[in-house]
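Positions are given from 1, in the same order as the sequence printed here.
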Amino acid sequence: MTKLIVEDRIDRPAKDVFEAIVTVEGLSGFFVERTSAPMVPGTTVTWSFPHVDAEFDVEIGEIEPDRLVSWSWPGGQVVIELRETGAGATAITVMEQPMGDGTEGAARAVGQTQGWTYFVCTLRAYLLHGIRHFGLSDGIRATVTD
């Protein structure tokens, strides 16, 4: 099973990064327009992305404060690991699987890489500068062909 991994560092403590990901206020400040509830293990929340006309349920998995957030959503499982690196910074690793095989899997991996890179960049902008934003432009396209 192919796993996609996106890694970066954010100059904020793990507690701040974690809270931005699992709370309604945080997540709707940089990733979704609306979430129905905070992330709590074993619950299902609904995320809304109206800029791409999408809304779907997300099943929340394991959560360890300031260290781990996981969920399942249409098409895969996501795990986000946080690790303090010193000087108030946090390493963030986002993993999603499966990506699939062949051209279809490659295309999914390209799209999800774009999405998770955007997730980390907007999370950083939100935490460091208070910039509230959600959703990719529906005009951005990455294509994989045979």
Side-chain angles (χ1 to χ4, degrees), residues 1-84 89-144:
M1 183 177 335
T2 304
K3 179 190 299 184
L4 171 69
I5 301 171
V6 172
E7 300 173 291
D8 203 353
R9 189 190 76 165
I10 298 176
D11 292 331
R12 282 289 187 262
K15 178 178 179 24
D16 294 353
V17 177
F18 177 81
E19 290 295 320
I21 295 169
V22 301
T23 64
V24 170
E25 179 182 57
L27 200 62
S28 64
F30 77 95
F31 185 55
V32 301
E33 179 180 86
R34 187 180 57 78
T35 178
S36 62
M39 293 182 166
V40 176
T43 64
T44 299
V45 298
T46 303
W47 289 350
S48 176
F49 301 86
H51 61 287
V52 291
D53 196 29
E55 181 173 286
F56 47 82
D57 290 337
V58 178
E59 297 175 20
I60 308 305
E62 183 179 359
I63 292 183
E64 296 178 24
D66 307 339
R67 196 184 94 58
L68 180 81
V69 180
S70 66
W71 68 82
S72 296
W73 62 356
Q77 293 82 40
V78 175
V79 175
I80 298 176
E81 294 178 346
L82 305 173
R83 181 178 50 82
E84 295 253 356
T90 301
I92 181 170
T93 302
V94 181
M95 296 165 281
E96 184 174 6
Q97 62 183 1
M99 289 296 112
D101 297 320
T103 303
E104 185 176 303
R108 177 167 166 69
V110 166
Q112 294 307 93
T113 299
Q114 176 185 359
W116 290 119
T117 301
Y118 178 84
F119 176 94
V120 172
C121 290
T122 57
L123 173 59
R124 178 184 294 110
Y126 175 70
L127 288 171
L128 297 180
H129 307 291
I131 298 171
R132 299 178 63 84
H133 190 270
F134 58 88
L136 291 170
S137 161
D138 63 359
I140 296 174
R141 296 284 182 257
T143 305
V144 175

Test side chain to side chain contact (heavy atoms under 4.5 Å, CB included) applied to D66 and L82, step by step: CA-CA 7 Å; D66 307 339; L82 305 173; 5.8 Å; no
Side chain to side chain contact (heavy atoms under 4.5 Å, CB included) evaluation trace for R83 with T90: CA-CA 5 Å; R83 181 178 50 82; T90 301; 5.8 Å; no
Worked check of side chain to side chain contact (heavy atoms under 4.5 Å, CB included) between E81 and I92: CA-CA 6 Å; E81 294 178 346; I92 181 170; over 6 Å; no
Side chain to side chain contact (heavy atoms under 4.5 Å, CB included) between V58 and T46, intermediate numbers included: CA-CA 6 Å; V58 178; T46 303; over 6 Å; no
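Between the CD1 atom in I10 and the CG atom in L128 there is a gap of 7.5 Å [rounded to 0.5 Å]. The CH2 atom of W47 sits 11.5 Å away from atom OG of S28, with the distance rounded to the nearest 0.5 Å. Annotation: the span from L27 atom CG to E19 atom CD amounts to 12.0 Å, rounded to 0.5 Å. Atom-to-atom distance recorded for W116:CH2 and L123:CG is 11.0 Å, nearest 0.5 angstrom. The CD atom of Q97 sits 12.5 Å away from atom CD of Q112, with the distance rounded to the nearest 0.5 Å. Expressed to the nearest 0.5 Å, how far OH of Y126 lies from CZ of R12 amounts to 11.5 Å.
Between D11 and R124 there is no salt bridge, since no side-chain N of the basic residue sits under 4.0 Å from a carboxylate O of the acidic one.
Legend: residues meeting side chain to side chain donor-acceptor pair (under 3.5 Å) with W71, ordered by chain and number and at least two apart, are absent. For R108, the side chain to side chain donor-acceptor pair (under 3.5 Å) partners at least two apart in sequence or on another chain are E96.
The closest side-chain heavy-atom distance from F119 to V78 is not below 4.5 Å. I80 places none of its side-chain heavy atoms less than 4.5 Å from the side chain of F18. Looking only at side-chain heavy atoms (C-beta outward), P98 and Q77 come within less than 4.5 Å of each other. With a 4.5 Å cut-off on side-chain heavy atoms, I60 and V45 count as touching. Residues I5 and T93 form a side-chain contact, since some pair of their non-hydrogen atoms from C-beta on lies under 4.5 Å apart. For the pair I63 and P41, the minimum side-chain heavy-atom distance is below 4.5 Å. When side chains are defined from C-beta on, T113 counts as touching L4, because their heavy atoms get closer than 4.5 Å.
Under the salt bridge (charged side-chain N to carboxylate O under 4.0 Å, His left out) criterion, the residue pairs touching residues 40-64 are R34-E55, E64-R67, with sequence neighbours excluded.
Ring geometry for W73 against F31 counts as tilted: the plane angle lies between 30° and 60°, on a 0 to 90° scale.
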